[in-house]
Amino acid sequence: MNFKTVQGEKIVNEHKQRKTGEIAAVLLSVYLGIIAMTVCHLWSYYNPLKANPILLKLGSWIPSWWGIGPYAGKETVGLLVWLASWAIFHWTIGRKEVALKPWTIGFAIAFVVNLVILWPTVYHAILWWPALPNTLPGGEG
Amino acid sequence: MKSLFTARDFAVTQACVAAALFLSIPLFNVIGFSNHKLQAVLHGLGATVTVIMSCQTIHLIYPMLRGKIGAAAKLEWVLWLTNAMVLLTIIFGNWLYIAYRGPDGPQEWLMYHSPEVHLILMEYKEFVSLYPLPLGIAAGFLLRRFRHTLEPGSAVGGIIALLITLFWICLLIGFAFGIGLTKLRMV
């Protein structure tokens, strides 16, 4: 910490106080990146014929994207949404003072809700379970 | 007679032995049955080092919250190093994932023999393990911007601690699920 002593008595903080909006921008952008990835994952499960070619194309900047599959696209969307929304919010919300309590509580709750939605037994129970290879019609199972 | 050893000696001994033995777990793969040893060992070593470093990071938030001089700067430094390891381990994880979902790979095998392992454990772990990257970078950024004006008990310090705690929890989810998966089926 850089404190400057003035006349041996008073301690003055050299650093200016940043706006609390910067913290809100950080929390919101991290959450948006995470939820964008969850939405892409659920979309890819709900409508793979439509979603997977788009996700593959989005992920094709990653080496060996063809081996990683639609997951490469989901990672790309999360990365882009996180960084782009951070840049936007940093220059908008980041210039204001905000109340940190609702932002903190909102972020914590939204983060845990995402962890619950993403747990596969939850979204498979809401949507459906995939056809398993040994239970296909005409199979032995 | 005074004790031959200080508290620090015991703590350092325990930390060194723990680190060496934990690192040996992924290294057993070198003499194991993996078909993709390089990717497997690198991802395992990266994850182990990351988790050990993240434990040090989470312990450094306590002096930061109490407002100890210099604690926030030290926390920030260790956090950025851990963030670098998180990114590296994610890259190794993607590399290993190619073999995981390849023809005759573990994904296919598990879907026939025990689909829950892939459908629940792997499908969860592959996303939650990515969360530490934005969480850690967010906490590092906030430390950089606010550490000079941090006060004990401030809301900013609490939010940084919250981000680092979630960072650590998500790393541990990825680590425990990853070890569990390799116990059930090796890539």
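We use all heavy atoms of the structure for the numbers below, so side chains are in, but hydrogens, waters and symmetry mates are not. All chains are named by letter (A, B, ...) in the order of the sequence lines, taking the proteins before the strands, and each is independently numbered beginning at 1.
- Heavy atoms only, all atoms of each residue included: B:L133 and A:W82 are closest at O-CH2, 4.4 Å.
- B:L150 and B:Y62 end up in the same hydrophobic cluster when Ile, Leu, Val, Met, Phe, Trp and Tyr side chains are linked at under 4.5 Å.
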Task: Trace of the side chain to side chain contact (heavy atoms under 4.5 Å, CB included) decision for B:E123 with A:W119 - done: CA-CA 8 Å; B:E123 292 280 23; A:W119 182 249; over 6 Å; no
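- Between chain A and the residues B:R101, B:E108, B:M111, the most heavy-atom pairs under 4.5 angstrom are made by B:R101.
- Among A:V112, A:L83, A:V30, the residue with the largest count of heavy-atom pairs under 4.5 Å with chain B is A:V30.
- Closest approach of A:V26 and B:A138 over heavy atoms only: CG1-CB, 3.2 Å.
- For A:E97, the CD atom is densely surrounded, since the number of other residues' heavy atoms within 6.0 Å is greater than 12.
- Criterion: ILVMFWY side-chain heavy atoms under 4.5 Å apart, direct or through other members. Under it, A:I35 and A:F89 are part of a common hydrophobic cluster.
- At least one side-chain heavy atom of A:S64 sits less than 4.5 Å from a side-chain heavy atom of B:I98.
- Looking at A:K101, neither its backbone nor its side chain comes within 4.5 Å of chain B, counting heavy atoms on both sides.
- Other residues, nucleotides and ligands place more than 12 heavy atoms under 6.0 Å from the CH2 atom of A:W128.
- In this structure, no portion of A:Y31 lies under 4.5 Å from any heavy atom of chain B.
- From A:C40, atom SG reaches atom CZ of B:F127 across 9.0 Å, with rounding to the nearest 0.5 Å.
- A distance of 5.0 Å separates CG in B:L130 from CD in A:E75, rounded to the nearest 0.5 Å.
- Interface remark: A:S29 contributes no atoms to any contact with chain B (heavy atom separation under 4.5 Å).
- The contact between B:L162 and chain A is made entirely by side chain atoms (from C-beta outward), counting heavy-atom distances below 4.5 Å.
- Looking only at heavy-atom pairs under 4.5 Å with chain B, the residue among A:L79, A:T104, A:T38 that has the most is A:T104.
- Within 6.0 Å of atom NZ in B:K37, more than 12 heavy atoms from other residues, nucleotides or ligands are found, so the atom counts as buried in its surroundings.
- By the neighbour-count criterion of 12 heavy atoms within 6.0 Å, atom CG of B:D104 is sparsely surrounded, having that number or fewer from other residues, nucleotides or ligands.
- Linking Ile, Leu, Val, Met, Phe, Trp and Tyr residues whenever their side-chain heavy atoms come within less than 4.5 Å leaves B:V17 and B:V49 in two separate clusters.
- Only the side chain of A:W86 comes within contact range of chain B, judged by heavy atoms closer than 4.5 Å.
- Highest contact tally toward chain B, considering only A:I62, A:I68, A:T20, is held by A:I68 [criterion: heavy-atom pairs under 4.5 Å].
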TODO: Apply side chain to side chain contact (heavy atoms under 4.5 Å, CB included) to B:L163 and A:F107, showing your working.
DONE: CA-CA 10 Å; B:L163 286 169; A:F107 175 79; 3.9 Å; yes
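- Between A:H41 and B:Y124, the gap from one ring centroid to the other reaches at least 6.0 Å.
- Expressed to the nearest 0.5 Å, how far CG of A:L118 lies from CD of B:E126 amounts to 9.0 Å.
- When heavy atoms are compared at a cutoff of 4.5 Å, B:L119 approaches chain A by way of both its backbone and its side chain.
- In this structure, the separation between CD on B:E116 and CH2 on A:W129 is 7.5 Å, given to the nearest 0.5 Å.
- Annotation for B:W109: atom CH2 counts as buried by contact number, over 12 foreign heavy atoms lying within 6.0 Å.
- B:L27 and B:L42 end up in the same hydrophobic cluster when Ile, Leu, Val, Met, Phe, Trp and Tyr side chains are linked at under 4.5 Å.
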- [ ] Just do the side chain to side chain contact (heavy atoms under 4.5 Å, CB included) check on B:Y112 and A:L132 with the steps written out, would you?
- [x] CA-CA 7 Å; B:Y112 275 94; A:L132 299 175; over 6 Å; no
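- With chain B as the partner, the residue from A:R18, A:M37, A:K74 showing the most heavy-atom pairs under 4.5 Å is A:R18.
- Enclosure of atom CZ in B:F22 is not indicated, since only 12 or fewer non-hydrogen atoms of other residues, nucleotides or ligands lie within 6.0 angstrom.
- Distance check, rounded to the nearest 0.5 Å: CD1 of B:I160 to CD1 of A:I23 gives 7.5 Å.
- The two residues B:A155 and A:L100 make their nearest non-hydrogen contact at CB-CD1, 3.8 Å.
- The nearest pair of heavy atoms linking A:F111 to B:C170 is CZ-SG, 3.8 Å.
- Grouping the Ile, Leu, Val, Met, Phe, Trp and Tyr side chains by contacts below 4.5 angstrom, directly or via other members, places B:I173 apart from A:Y123.
- Interatomic distance, OH of B:Y131 versus CG of A:L115, reported as 6.5 Å (0.5 Å rounding).
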